[in-house]
Amino acid sequence: MLVLPERPRRNRRTEAIRRLVRETSLTPAHLVAPLFVVDGDRERQPIPSMPGYERLSIDLLLEKCRQLADLGIGGVALFPALPAYKKDKTASEATNPDGLFPRAVSAVKEQVPELTIFTDVALDPYSCDGHDGLVSETGEILNDETVEVLARMAVLHARAGADYVAPSDMMDGRVGAIREALDVEGFHNVGIMAYSAKYASAFYGPFRDALDSAPKFGDKKTYQMDPANVREALREVRLDLAEGADMVMVKPALAYLDVIRAIWEISDVPITAYQVSGEYAMVKAAAERGWIDGDRVMLEILLAIRRAGADVIFTYFAEEAAQQLG
């Protein structure tokens, strides 16, 4: 027999021991479920590129939110899916107080108050151009003019009942402008969850199908980040923290675990990671073909995102994972 002063396997000998020494935890409370809302009554629209996921009218959205809350899931992130006729060059529906989105937020806050509500603050679901910001006649994405709209939009969401407004647009200076607008209107307790390191990723395709929000020309590389960069992400985080962000996000998650860890090293606020639609679709597609054990891979990836440093995970697997985690 080998004479070994250390045998690491002793700490892996039984399930009870493995639970005792486990370094990273994953619970339903760490998860936020993105949900897509549409107008209508008892309206349920499957999303082909996201198997098992649907756009829901407000009545069905409330049923889903109740189910998620009962599973112990920490929150929901709401996104509006609007018909083309409600989209225009100025994204005017984004600031309509009687629009679908504020009505949905108010309904969830009233009916399922224990869920934390994150609201998306960006113009792409409302713009006929499909960009996160206003577009000039020459095709430039206008930063400062967009920020003015985003600030009004954030106040509208706060008034509807949002716990956190989540600017996903990547315009410069928007966190500070939103914080000032919220405070002026008396919404001191509404937080800002900033999409601080949002990359110009190829993993967003199914989400853009869900909202019909793909850019109608060009791409989003002048405002979303270059996938090659990490130090730039740290700069974006520092700026957002200086402007008053209460949480910061890395998006996508799986291909950017190193970015999550790098931000964990410098951030003194909670870190959120978004396991995006393409990540979800890949696991689903491989599981449907029997190439992987979908449930085990799902939980392994979520645990890896937590291990990298994420405090909160936005994931389309939230409901399935919570059921598995018990």
(message) To the closest 0.5 Å, what do you measure between SG (Cys65) and CG (Leu115)?
(response) 5.5 Å

(request) Taking atom CD of Glu232 as the centre, report whether more than 12 heavy atoms of other residues, nucleotides or ligands fall under 6.0 Å from it. (result) yes

(request) Count the heavy atoms of every other residue, nucleotide or ligand shown that sit under 6.0 Å from CZ of Phe203, and state whether that count exceeds 12. (result) no

(request) Write down the atom of Ser267, the atom of Val248, and the distance for their closest heavy-atom approach. (result) OG-CG2, 4.1 Å

(request) With salt bridge (Lys or Arg N to Asp or Glu O under 4.0 Å) as the test, would you mind laying out the steps for Lys64 and Glu319 before giving the verdict? (result) CA-CA 10 Å; Lys64 176 62 69 177; Glu319 184 173 9; 2.8 Å; yes

(message) Using side-chain heavy atoms (C-beta onward) and a distance below 4.5 Å, is Glu288 in contact with Pro51?
(response) yes

(request) Could you tell me whether Asp124 and Lys220 make a salt bridge, using a distance below 4.0 angstrom between a side-chain N and a carboxylate O? (result) yes

(request) Verify the cluster assignment for Leu61 and Leu82: are they in a single hydrophobic cluster under the rule of side-chain heavy atoms below 4.5 Å apart? (result) yes

(request) Can you run down the salt bridge (Lys or Arg N to Asp or Glu O under 4.0 Å) pairs that involve residues 91-110, sequence neighbours left out, and say none if there aren't any? (result) Asp39-Arg103, Lys109-Asp163

(message) I need the single residue from Asn143, Ile141, Thr146 that forms a side chain to side chain contact (heavy atoms under 4.5 Å, CB included) with Tyr223. Which is it?
(response) Ile141

(request) Going by the side chain to side chain contact (heavy atoms under 4.5 Å, CB included) test, name the single residue among Val250, Val276, Asp132 that passes it with Lys198. (result) Asp132

(message) Between Gln275 and Thr315 (side chain of the first, backbone of the second, donor and acceptor by atom type, cut-off under 3.5 Å), is there such a pair?
(response) no

(request) Examine Leu60 and Val38 and state if one hydrophobic cluster contains both, with Ile, Leu, Val, Met, Phe, Trp and Tyr joined whenever side-chain heavy atoms are less than 4.5 Å apart. (result) no

(request) Can you measure from OG (Ser277) to CE (Met282) and round to the nearest 0.5 angstrom? (result) 10.0 Å

(message) Quick one, Leu156 and Asn96 - any side-chain contact, counting heavy atoms below 4.5 Å?
(response) no

(message) Check this for me, if you would: do Glu23 and Arg307 make a salt bridge, where the nitrogen-to-carboxylate-oxygen distance has to be below 4.0 angstrom?
(response) no

(request) Please assess Lys221 against Asp226 for the test salt bridge (Lys or Arg N to Asp or Glu O under 4.0 Å), listing each intermediate value before the final yes or no. (result) CA-CA 7 Å; Lys221 293 179 181 179; Asp226 186 334; over 6 Å; no

(message) Working to the nearest 0.5 angstrom, can you tell me the gap between Met249 CE and Asp240 CG?
(response) 12.0 Å

(message) Determine whether a donor-acceptor pair (N or O, by modelled atom type, separation under 3.5 Å) exists between the side chain of Gln224 and the backbone of Met170.
(response) no

(request) Apply side chain to side chain contact (heavy atoms under 4.5 Å, CB included) to Arg7 and list each qualifying residue two or more places apart in sequence or on a separate chain. (result) Met1, Leu2, Leu4, Arg10

(message) side-chain contact (heavy atoms from CB on, under 4.5 Å) for Tyr199 and Val259? Distances and angles first, verdict last.
(response) CA-CA 11 Å; Tyr199 285 85; Val259 181; 3.4 Å; yes

(request) Examine distances only and state if a side-chain atom of Ser106 and a backbone atom of Ala160 form a donor-acceptor pair shorter than 3.5 Å. (result) yes

(message) Can you confirm if the aromatic rings of Phe207 and Phe36 lie within a centre distance of less than 6.0 Å?
(response) yes

(request) Go through the structure and list residues passing side-chain hydrogen bond (donor to acceptor under 3.5 Å, both in side chains) with Glu265, not counting sequence neighbours. (result) none

(request) Can you see which heavy atom on Asp268 is nearest to which on Leu241, and at what distance? (result) OD1-CD1, 4.4 Å

(request) Working to the nearest 0.5 Å, report the span between OG1 of Thr119 and CE of Met193. (result) 9.5 Å

(message) Quick one, His30 and Ser25 - any side-chain contact, counting heavy atoms below 4.5 Å?
(response) yes

(request) Spell out, as yes or no, whether a donor-acceptor pair under 3.5 Å connects the side chain of Asp88 to the backbone of Ser92. (result) yes

(message) Starting from Leu35, can I reach Met50 by hopping between I/L/V/M/F/W/Y residues whose side chains sit under 4.5 Å apart?
(response) yes

(message) If the threshold is 4.0 Å, N to carboxylate O, is there a salt bridge linking Arg18 and Glu15?
(response) yes

(request) Answer yes if Met225 and Leu239 sit in the same cluster of Ile, Leu, Val, Met, Phe, Trp and Tyr residues linked by side chain heavy atoms under 4.5 Å apart, and no otherwise. (result) no

(message) Parallel, tilted or perpendicular: which one describes the rings of Tyr280 and Tyr53, with boundaries at 30° and 60°?
(response) perpendicular

(message) Less than 4.5 Å apart, side chain to side chain, heavy atoms only: is that true for Leu31 and Phe317?
(response) no

(request) Begin with the C-alpha distance, continue with both residues' side-chain angles, and end with the deciding distance and a verdict on side-chain contact (heavy atoms from CB on, under 4.5 Å) for Val32 and Phe118. (result) CA-CA 9 Å; Val32 171; Phe118 296 82; 3.8 Å; yes

(message) Any non-hydrogen side-chain atom of Val175 less than 4.5 Å from a side-chain atom of Ile178?
(response) no

(request) Nearest 0.5 Å please: distance from the CG atom of Leu302 over to the OG1 atom of Thr27. (result) 11.0 Å

(request) May I ask you to decide whether Arg42 forms a salt bridge with Glu63, counting only side-chain N to carboxylate O separations under 4.0 Å? (result) yes

(message) Do Lys251 and Tyr204 form a cation-pi contact, if we require the NZ or CZ to be under 6.0 Å from the six-membered ring centre and within 45 degrees of the ring's axis?
(response) yes

(request) For the residue pair Glu43 and Leu56, establish whether any side-chain heavy-atom pair is separated by less than 4.5 Å. (result) no

(message) Measuring from atom CG of Leu134 to atom CE of Met171, what distance do you get when rounded to the nearest 0.5 angstrom?
(response) 9.0 Å

(message) Salt bridge check, Glu148 against Arg174: does any charged N sit closer than 4.0 Å to a carboxylate O?
(response) no

(message) Between Cys128 and Lys89, is the side-chain contact (heavy atoms from CB on, under 4.5 Å) condition met? List the steps.
(response) CA-CA 6 Å; Cys128 60; Lys89 293 284 291 185; 3.7 Å; yes

(request) Spell out, as yes or no, whether a donor-acceptor pair under 3.5 Å connects the side chain of Asp293 to the backbone of Asp295. (result) yes

(message) Give me the atom names and distance for the closest heavy-atom approach of Gly139 to Phe217.
(response) O-CE1, 3.8 Å

(message) Would you say that Tyr316 contacts Lys284 through its side chain, given a criterion of any heavy-atom pair below 4.5 Å between the two side chains?
(response) no

(message) Ignoring hydrogens, what is the shortest heavy-atom contact between Asp246 and Arg179? Give both atom names and the distance.
(response) OD2-NH1, 3.8 Å

(request) For Val37 and Ser57, work out which heavy atoms get closest and say how close. (result) CG2-C, 4.5 Å

(request) Taking the side chain as every heavy atom from C-beta outward, state whether Leu150 and Arg152 have any pair of such atoms under 4.5 Å apart. (result) no

(request) Dump the intermediate steps for side-chain contact (heavy atoms from CB on, under 4.5 Å) on Leu78 and Ile117, then the final yes or no. (result) CA-CA 7 Å; Leu78 302 180; Ile117 300 177; 4.1 Å; yes

(request) Check Phe314 against Ala77 and note the closest heavy-atom contact, atom names and distance. (result) CE2-CB, 3.4 Å

